[in-house]
Student: 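Provided herewith is a single structure, encoded as structure tokens, for subsequent inquiry.
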Amino acid sequence: MKSTTFVLSAALLASYIAPALADTPPACVLACAEKVVKNSSTCPTLNEVECVSDKEYSKFQSCLSSICPSSVASDAESYFKSLASSYGA
């Protein structure tokens, strides 16, 4: 009975943890967001996702291409596009 309870508890815990991990952006997304807004007169704060997506996307994409490891570059861009879409951009 203890092993069944443990397996069930582990499964429930995993069901709560997995979605949170899926929402964690690659580190290069955060680094590029910081870099782009730091150098932007149009979108000067990190919470302006829609602004960055609309007005600074080429700079953001260029940054992703230069600093993201090739193994996560596609995921990084997809993450940002999904985030921007959720903000209506």
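This is a predicted model, so every value here is computed, not measured.
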Student: Taking a hydrophobic cluster as the set of Ile, Leu, Val, Met, Phe, Trp and Tyr residues connected by side-chain heavy atoms closer than 4.5 Å, whether directly or through intermediates, do Leu46 and Leu30 fall within one such cluster?
Tutor: no
Student: Which side-chain N or O atoms in residues 61-71 pair as donor and acceptor under 3.5 Å with protein atoms at least two apart or in another chain?
Tutor:
residue, atom, partner, partner atom, Å
Gln61, NE2, Glu77, OE2, 2.7
Ser65, OG, Gln61, O, 3.1
Ser66, OG, Ser62, O, 3.4
Ser66, OG, Cys63, O, 3.0

Student: Side chains of residues 33-40: which donor-acceptor pairs under 3.5 Å do they make with residues two or more places apart or in other chains?
Tutor:
residue, atom, partner, partner atom, Å
Asn39, ND2, Lys35, O, 3.1
Ser40, OG, Thr42, N, 3.1
Ser40, OG, Cys43, N, 2.8
Ser40, OG, Glu56, OE2, 2.7

Student: So do the side chains of Ser53 and Phe80 get within less than 4.5 Å of each other, counting heavy atoms only?
Tutor: yes
Student: Would you give the length of the straight line joining atom NZ of Lys81 to atom CZ of Phe60, rounded to the nearest 0.5 angstrom?
Tutor: 11.5 Å
Student: Is there a donor-acceptor contact under 3.5 Å from the side chain of Ser86 to the main chain of Leu83?
Tutor: yes
